[in-house]
Structure formats: C-alpha cells, structure tokens
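None of the values given here were measured: they were computed from a predicted structure.
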Protein chains: 2
Amino acid sequence: MSPTVQRHPLAAQTAAHLLTRVRSGEWPLGHKLPGETALAAQLGVGRSTVREAIRELAGKGVLDSRQGAGVFVTALDVTEDWDCVLRRASIVSVLEARIAIEAEAAALAAQRRTPADLRALRRALAARLAGRPEGEAFVDADTRFHRTVLVAAHNDLLLEMFDSFVPRVHRAMTELLRVQPIRSPHEDHARHQQLADAIAAGDPVAAAERSRAHLTTVKETLS
Amino acid sequence: MSPTVQRHPLAAQTAAHLLTRVRSGEWPLGHKLPGETALAAQLGVGRSTVREAIRELAGKGVLDSRQGAGVFVTALDVTEDWDCVLRRASIVSVLEARIAIEAEAAALAAQRRTPADLRALRRALAARLAGRPEGEAFVDADTRFHRTVLVAAHNDLLLEMFDSFVPRVHRAMTELLRVQPIRSPHEDHARHQQLADAIAAGDPVAAAERSRAHLTTVKETLS
DNA sequence: CCTGCCGACTCCTCGGACAAGCTGAGGGGT
DNA sequence: ACCCCTCAGCTTGTCCGAGGAGTCGGCAGG
C-alpha cells in the first residue's frame, strides 16, 4: 500500500480522504457533508479526529462548519500555494516571469513616479553601489532597488507578484554570485543607473527596454 | 475584554490569537510552542480547542505538529490567498498585470511554438470567430484563444499566473461586453489574427507588440 | 568517545457529556 | 389562504479524562 512507513496521523489521513471525496464531486460546491458523528462511524475513527480533519480543511478554505447547521463545501479544490508553485518552477521560468513583470512595471513607473519615488530610487541605487558586488548583502540591496521600481509603478498586484518571487530569486542569485561573480561591476551599475534615469525622465519605452535588457543578461548567464 | 459579542467559535479565536503571537515574533521561525496543555491553561480554554486551533493553522501552513516533539512554527505569516488578492485588486491593475504576462508570453511563443501549438492557435481563433461577439460564450472562446498563446510560450509559471487571472477577468469582461459591445468585431478579430500570424512567423517583437496593443485597447475601454 | 537504555515529556486518539445554535414542521392567529 | 411564533430534533462547539505512541535528552556501560 505504502512505499515507506506511513506515519501520517489519522487526522491527516482523514483530511486527505475527505478532500478526495470533495474533489470527486461526491459533495458538490455548497453541499452539506454528513454529520461529524456519521463521518466518524463511516470512517471508523473518533469524532475528535474527524473534527480536526475538518479544521485542517477549513484552514485551507475547502470546508466551512457552522454550528447547528453542518459542514459545507466552500471550494472544490485547494488553491495551490503560490510558494509551492514557485519552488517547483525552474529558475529560468521564474526569471522570464520576472522580466514580464519588471519591464511592464518600469514602463508604468516612468509614467507614474512621484518625486518621493525618485528620491527612494536614488537612495536604493546609492545603497546598491555602496557595498561590494558579492554576497547576500549585495543581493539584498539589488532586490531593494528593483522593488523600489515596482513601488513606483503604483500597481499593488504587480508588487505582490514581485514580492512572491523574491525568496526564490534570492536563493538562486546568491548561489549564482558565489559561483560566477559579476564580470564588470561598473557596467552592471551603469545599467541600473540608466534604468533609474529613464524612469526619472518619464520615458516608458526606454525604461522597459533597460529593465528587459538587464534581466535578459542575468537570464542568459544562467543558461 | 471583547468589544463585541464573540460570535466566532473559541477555536477560531484561539487560532487568531496564536497567529498574532507568531507574527509578533514571540515564537521565531522553527521555534517550539508551549505544550497543548500549557496553552490551554494559559488561554483558559480546553485542550481540544487548542488542538483544533493548531490544526487550522497547520492547514494554513503556519504550524507543524510532530508527535512526541511538539508544535513548531513553519512560517511567520499566512501566504495570502492569491484569489483574495485578485478580488481586492482593481480591474485596471489586473489588466496591467495581464498585459505584462501576455506580451512576454507572446514573444516567447513566437520563439518556442511547435507545429501542434500553431494548430491549436488556428483552431482557437476559428472558434472565437464562429460565435457572435457577445455573451459569456464569446468571453470563454476569447479566453481560450489567449490561453493557447500562453501554452505555446511553454512556461508553466506564466501559464499558472494567467489561469489565476481568468476568473477575475472573466467577470469583468462579461460585464463590460454587456454594457458596451465591441464596436468593430471585424477589427477586433483582425488584431487577434495578426497576433497569431506573428507567433507563426516567429517574430517575438511583433507578437509582443500585437498582444500589448490589443490589451491596451481593452484597458482604455475600461478607464 | 561512542553506544544503547530508559524515563520524562509531548502529541495522538478515543469516548462521553453537556451547551449553543440552526432548521423545519406544526399550531395558532389574522 | 397566508403569516408568525413556538418548539422539538439535529448539528456543531466545548470540555474532560484516559491510554497509546513517538521523540528527545540524560545516563550508565563499553
């Protein structure tokens, strides 16, 4: 039955079992599940166990229990964890998605940046130049600069997407920098300076172009 | 103690309480929480209630309980539900994000499309032209065509992001189409045809440009 | 220093009990 | 015929006590 020792708690097994039956369509969206007592008898486990399984699925947003009424299906599937998807995705895929988001954000930033955004951009750029171009600290400074661009774009959704990429990209960049240091730190900084300039100048096309060019370089370094 | 009548179950309150304390840094990442018995006594609730609260947070991925060892913090915050973020985001924000993703995907599709991709693209285009340009059916056909482009880009992450946008965009498009029908169905179809042609011709710049132009038109219609 | 044993601590599961809340059927009034 | 109120029955919420199973750290022995 199980390839390895199956040390899963009963409650977790019960949760998995219920999720399977929900997915199978046995209980359609909005439908009421059998009572906890009935489920416990049906599955041959205690009511407390069933309750914990239901809680677990409630935490995932699949079920919703209302006192006196019953337990109801609120979603047919678990909205897969975004982090999980990212972990599975190849670093090249993530970088391509990042290019898409950052290039667009750079263009928007060129149109929408406020004076405060520009100040933050200059500060982040200076901080990025301050440290030596290696190690985790540099990656952090670099990330902060790129994030500042996203902030200047004034689009919450794009920013949220960028933030969700950060952990995955951070790991890969730190690794990359250790194996293969930046060839020309001066040129690298110049690219970022040009991006900031284009945003300051209010030139969406140039900003997108600079952003894309920089990230494409990084992507090609990886492949 | 409580400003309003506590109509939330004790277990839910306990879960919220624990989440707050995790967020506050009282229990750092990887740290062990006090025992269930201790927590129950500390919060003045039963042990079963604490267990259900822990299960709820475990379902959300914040806690992880290991028999014999204890309960540990696995994440400092709940990764906010992607659907939730999208629901809150303005439709303009979503459309801007969609432009970013689709334009990049169109460029990638132009470079990576297989013969099978091109066949699917032609089929989707024909299906889109078949029905009358109104109602939910048309929105579905349109969505399928755009999704086919994403598939041809051969980047799982971009596709996943597109799919997560679909429900939100679908609602908005259906609404928009009812209020304001497409002025020139012929021109609309021509734009899609040009996008498909650019991808077939293997011209990334043109494909991105066509995709961007089409979606920008939609965005401007909305604002 | 390494190994194996052992006990304390912790989570896991169960069964039972009572409280709190919702639902729908039925009675009474208009 | 229609509406409103009441109430019995079912369901979830909460708590308790008990025993089983697993993990970790200390301790004695090699």
Side-chain angles (χ1 to χ4, degrees), chain A residues 1-2 4-19 21-22 26-75, chain B residues 1-2 4-19 21-22 26-75:
Chain A
M1 170 91 87
S2 58
T4 66
V5 274
Q6 194 174 27
R7 221 190 300 279
H8 289 310
L10 259 187
Q13 290 182 49
T14 306
H17 177 92
L18 291 180
L19 182 56
R21 291 173 74 176
V22 167
E26 181 175 343
W27 304 305
L29 191 66
H31 194 277
K32 181 179 157 307
L33 270 63
E36 293 174 351
T37 320
L39 278 177
Q42 191 179 113
L43 303 181
V45 298
R47 183 176 166 236
S48 314
T49 306
V50 173
R51 281 184 62 76
E52 290 185 17
I54 290 174
R55 273 278 179 277
E56 190 169 328
L57 293 180
K60 288 181 178 175
V62 177
L63 298 180
D64 178 44
S65 64
R66 297 199 300 264
Q67 182 177 176
V71 179
F72 300 84
V73 180
T74 57
Chain B
M1 173 91 88
S2 59
T4 67
V5 272
Q6 312 176 359
R7 209 172 288 286
H8 289 300
L10 260 187
Q13 290 182 49
T14 305
H17 176 92
L18 291 179
L19 181 57
R21 290 173 75 176
V22 167
E26 181 175 343
W27 301 306
L29 190 67
H31 193 277
K32 180 177 156 307
L33 269 64
E36 294 174 349
T37 324
L39 279 177
Q42 191 180 112
L43 303 181
V45 298
R47 198 168 85 92
S48 313
T49 306
V50 173
R51 281 185 61 75
E52 290 185 17
I54 291 174
R55 272 275 179 261
E56 190 168 327
L57 292 180
K60 289 182 178 173
V62 176
L63 298 179
D64 178 44
S65 64
R66 299 201 300 265
Q67 183 178 177
V71 179
F72 299 84
V73 179
T74 57

Inset, instruction - Please determine if a side-chain N or O atom of Arg51(A) lies less than 4.0 Å away from the OP1 or OP2 oxygen of dG13(D). - result: yes

Inset, instruction - Quick one: list whatever passes salt bridge (charged side-chain N to carboxylate O under 4.0 Å, His left out) with Arg66(B), sequence neighbours left out. - result: none

Legend entry - Least distance between heavy atoms, Ala69(A) atom then Phe72(A) atom: CB-CE1, 3.9 Å

Legend entry - Distance in angstrom units between Gln13(A) CD and dA21(D) P, rounded: 15 Å

Inset, instruction - Send over the distance from Arg55(A) CZ to dG13(D) C1', rounded to a whole Å. - result: 8 Å

Inset, instruction - Sort and list the pairs that fulfil side-chain hydrogen bond (donor to acceptor under 3.5 Å, both in side chains) and have at least one residue in residues 51-64 of chain A, not counting sequence neighbours. - result: Glu36(A)-Arg51(A), Arg51(A)-Glu52(B), Glu52(A)-Arg51(B), Glu52(A)-Arg55(B), Arg55(A)-Glu52(B)

Inset, instruction - For residues Ala75(B) and Gly61(B), report the shortest heavy-atom separation together with the two atoms involved. - result: CB-O, 3.6 Å

Inset, instruction - Calculate, to the nearest 0.5 Å, the distance between atoms CG and NE2 belonging to Leu57(B) and His17(B) respectively. - result: 11.5 Å

Please enumerate all protein N or O atoms sitting under 3.5 Å from an N or O of nucleotides 3-9 of chain C, with distances to 0.1 Å.
none

Inset, instruction - Using the salt bridge (Lys or Arg N to Asp or Glu O under 4.0 Å) rule, collect all pairs that involve residues 8-19 of chain A, keeping only residues at least two apart or in two chains. - result: none

Legend entry - Nearest heavy-atom neighbours spanning Ala11(B) and Ala53(B): O-CB, 3.5 Å

Legend entry - d(CD, Glu52(A); C1', dC11(C)) in whole Å: 10 Å

Inset, instruction - Name the closest nucleotide to the Ala69(B) side chain, picking from dC11(C), dT12(D), dT23(D). - result: dT23(D)

Legend entry - Nucleotide-resolved protein contact map, nucleotides 14-19 of chain C, B/S/- at heavy-atom distance under 4.0 Å: BB-B--

Legend entry - Side chain proximity check, Trp27(A) to Pro34(A), heavy atoms < 4.5 angstrom: yes

Less than 3.5 Å apart, which donor and acceptor atoms pair up between the side chains of residues 37-44 of chain B and the rest of the protein, not counting sequence neighbours?
{"unit_1": "Gln42(B)", "atom_1": "OE1", "unit_2": "Arg21(B)", "atom_2": "NH1", "d": "2.6"}
{"unit_1": "Gln42(B)", "atom_1": "OE1", "unit_2": "Arg21(B)", "atom_2": "NH2", "d": "2.9"}

Inset, instruction - For Phe72(B) and dT10(C), give me the distance from atom CZ to atom C1', rounded to whole Å. - result: 10 Å

Inset, instruction - Mind calculating the distance between CD1 (Ile54(B)) and P (dC11(C)) to the nearest angstrom? - result: 7 Å

Inset, instruction - Could you identify which residues of residues 31-41 of chain B place a heavy atom less than 4.0 Å from some atom of DNA chain C, listed by residue number, or say none? - result: Gly35(B), Glu36(B)

Legend entry - Residue that, paired with Leu63(A), satisfies side-chain contact (heavy atoms from CB on, under 4.5 Å) out of Val71(A), Leu19(A), Thr74(A): Val71(A)

